[in-house]
Asker: 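Mind having a look at this structure? Questions to follow.
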Amino acid sequence: MFNVLPVYAIWLAWLATSINVVISKLAVPYVTSALFLLLACFIAVLCFRVYLGKSGEWQKLFRNDVWPRALAMGTFGTALPMTIFMVALNYTTPVNAAIANQFEIIYSLILSAIILKERPTAKQIGGSVLILLGVGLIVLEGGTSIQAKGDLMVVGCLWMYQVSHIFAKKLPKDLGPQTIAAARALYAMPALGILCLCLASFQGPLQFDVHAPLLWVVLGVSAFVNYFLGNSYWYQAIRNMDLSKATAIILSYPVMTYVLSVFFGQDKVTLPKILGMVLAVGGAYIVTGIVKGANK
């Protein structure tokens with residue numbers, strides 16, 4: 001299931017991310033964001049426990065050289081930014097949130113150069129510029145409704161993802177991608193638990209509509225597709241390629257988010273948006289070609 005090349009793993013993570021953005025919006029009216037994420041991580045951890053079985057990989061999660069970095073990874077990679085992201089979906093659409101997410105490429109290039117000493121090539125920068133041009137067309141297309149509050153919330157939390165990725169790259173080399181993904185889900189739960197307790201203390205009972213079938217479906221799909229499969233493929237990719245290259249590829253996911261939003265009747269097909277998607281995918285393919293060349 002997970003035995004694929006890094007370049008294919010990043011595209012599978014791309015698909016999982018696209019799906020998760022759209023279905024997360026569907027859950028917003030029925031549940032408190034932090035509680036939804038806590039339950040999704042819990043379900044994902046159960047999936048990892050079954051998958052890893054009684055192997056030594058599961059025991060590695062509790063080693064002293066693993067859990068502190070994993071705690072930082074889970075806190076900054078899932079608990080804090082994803083809670084903010086889901087709250088932002090109260091004010092903006094999945095497509096707009098995905099477009100705002102493109103600003104992560106700026107954090108990626110800066111932090112990768114400073115901390116990981118990864119220098120972007122001219123071709124990589126060119127592909128990244130195409131991605132930004134593509135999503136820029138979607139943003140500027142007439143009739144697009146940009147909700148500033150929600151979009152600014154998304155932009156403001158993006159640096160946390162890069163911090164999480166850096167901690168993931170610093171984990172011991174003997175950890176498999178699935179073990180890292182399991183650690184991210186497991187160690188996101190403490191911060192999410194604290195957030196839930198704080199929200200319950202200051203705002204009253206947390207929301208969870210147990211009678212909404214859609215909520216249960218979305219919860220299960222999000223936990224399995226994104227936090228189990230998607231994160232596993234993501235770590236398989238970034239453990240075997242430059243972080244900035246992997247980020248440039250996955251940041252074209254608004255293309256699929258847009259397609260899914262149209263399918264669910266949340267957006268319309270327009271020429272500027274189609275052109276924007278072509279540019280974004282073209283940029284991602286350029287970066288993908290760099291990765292394939294490096295593998296050879």
Side-chain angles (χ1 to χ4, degrees), residues 13-14 16-25 27-28 31-41 44 69-112 114-116 128 131-132 135-136 138-139 146-169 181 184-185 187-196 198-199 202-203 222 226-227 230-231 234-235 238 243-244 246-248 250-254 257:
W14 171 89
T17 302
S18 305
I19 295 172
N20 193 59
V21 174
V22 174
I23 64 174
S24 292
K25 175 70 173 182
V28 166
V31 64
T32 301
S33 298
L35 179 59
F36 176 86
L37 293 168
L38 178 61
L39 294 174
C41 286
R69 294 182 177 91
L71 181 62
M73 180 180 65
T75 300
F76 289 100
T78 297
L80 297 180
M82 286 305 299
T83 298
I84 295 172
F85 191 90
M86 281 199 68
V87 172
L89 288 175
N90 284 284
Y91 308 103
T92 189
T93 66
V95 173
N96 289 340
I99 290 169
N101 226 11
Q102 304 314 296
F103 283 90
E104 186 182 350
I105 199 168
I106 298 174
Y107 296 113
S108 172
L109 294 175
I110 294 174
L111 293 177
S112 295
I114 294 175
I115 300 176
L116 299 180
S128 301
I131 294 173
L132 291 176
V135 297
I138 296 175
V139 171
I146 302 297
Q147 302 297 322
K149 183 175 182 179
D151 292 342
L152 288 175
M153 289 175 67
V154 172
V155 171
C157 74
L158 295 178
W159 63 272
M160 299 182 190
Y161 290 119
Q162 289 303 312
V163 172
S164 171
H165 303 335
I166 290 169
F167 276 108
K169 295 275 274 191
R184 178 171 173 176
Y187 288 105
M189 293 173 64
L192 288 169
I194 293 172
L195 283 173
C196 288
C198 292
L199 290 172
F202 292 102
Q203 297 183 0
S222 179
N226 188 62
Y227 294 102
N231 282 349
W234 168 250
Y235 288 117
I238 69 170
L243 172 60
S244 51
T247 301
I250 204 167
L251 284 182
S252 67
Y253 78 87
T257 298

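Everything numeric in this text was worked out from a predicted model, so none of it was measured. For the numbers below, each heavy atom of this structure counts, side chains included, while hydrogens, waters and symmetry mates do not.
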Asker: Do Ser24 and Phe85 have side chains that approach each other closer than 4.5 Å (heavy atoms only, starting at C-beta)?
Answerer: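 When only atoms from C-beta onward are counted, Phe85 and Ser24 do not touch, as no gap falls below 4.5 Å.
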Asker: Considering non-hydrogen atoms only, spot the tightest contact between Pro94 and Val21 and give its length.
Answerer: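 Looking at all heavy atoms of both residues, the closest pair is O-CG1, 3.6 Å.
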Asker: Treating Ser164 as the side-chain partner and Met160 as the backbone partner, does any N or O pair qualify as donor plus acceptor under 3.5 Å?
Answerer: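 No.
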Asker: Measure across Ile84 and Met153 and return the closest heavy-atom pair with its distance rounded to 0.1 Å.
Answerer: CG2-O, 3.6 Å
Asker: Ignoring hydrogens, what is the shortest heavy-atom contact between Leu37 and Met82? Give both atom names and the distance.
Answerer: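 Residues Leu37 and Met82, closest heavy atoms: CD1-C, 3.4 Å.
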Asker: Can you find a heavy atom in the side chain of Met73 that is under 4.5 Å from one in the side chain of Tyr187?
Answerer: no
Asker: For the residue pair Gly74 and Ala188, what are the closest heavy atoms and their distance?
Answerer: O-CB, 3.5 Å
Asker: Any chance the side chains of Arg184 and Tyr227 put a donor and an acceptor closer than 3.5 Å?
Answerer: no
Asker: After noting the C-alpha distance and the side-chain angles of Lys25 and Asn20, does the key distance pass the side chain to side chain contact (heavy atoms under 4.5 Å, CB included) rule?
Answerer: CA-CA 9 Å; Lys25 175 70 173 182; Asn20 193 59; over 6 Å; no
Asker: Could you state the interatomic distance from OG1 (Thr257) to CH2 (Trp14), rounded to the nearest 0.5 Å?
Answerer: 8.5 Å
Asker: Return the minimal non-hydrogen interatomic distance between Ala88 and Val154, and the atom names on each side.
Answerer: CB-CG2, 3.8 Å
Asker: Of the non-hydrogen atoms in Gly230 and Ala13, which two are nearest, and what is the gap between them?
Answerer: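 What the structure gives for the nearest pair is O-CB, 3.7 Å.
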Asker: Applying the side-chain contact (heavy atoms from CB on, under 4.5 Å) criterion to Thr32, which one of Leu195, Val87, Thr83, Leu199 satisfies it?
Answerer: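 Between Thr32 and the candidates, side-chain contact (heavy atoms from CB on, under 4.5 Å) is satisfied uniquely by Leu199.
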Asker: Could you tell me the separation between the OG1 atom of Thr75 and the CE atom of Met189, rounded to the nearest 0.5 Å?
Answerer: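 That separation rounds to 12.5 Å.
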Asker: Would a 4.5 Å heavy-atom cut-off, applied to side chains only, mark Pro190 and Leu71 as touching?
Answerer: yes
Asker: Assess the residue pair Leu38 and Cys196 against the criterion (side chain to side chain contact (heavy atoms under 4.5 Å, CB included)); give the C-alpha distance rounded to whole Å, side-chain angles, the decisive distance to 0.1 Å, and a yes or no.
Answerer: CA-CA 9 Å; Leu38 178 61; Cys196 288; 4.2 Å; yes
Asker: Does the side chain of Phe76 reach to within under 4.5 Å of the side chain of Trp159, using non-hydrogen atoms?
Answerer: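 Contact flag for Phe76/Trp159 side chains = yes.
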Asker: Measure the shortest side-chain to side-chain distance between Thr78 and Cys41 over non-hydrogen atoms and say whether it is less than 4.5 angstrom.
Answerer: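 A side-chain contact under 4.5 Å exists here.
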Asker: Is there a side-chain contact between Gln162 and Phe167, using heavy atoms and a 4.5 Å cut-off?
Answerer: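 No; the side chains remain at least 4.5 Å from each other.
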Asker: So how far is it from Ser18 OG to Ile250 CD1, rounded to the nearest 0.5 Å?
Answerer: 8.0 Å
Asker: Can you confirm whether Thr17 sits close enough to Trp234 that some side-chain heavy atom of one is under 4.5 Å from a side-chain heavy atom of the other?
Answerer: no
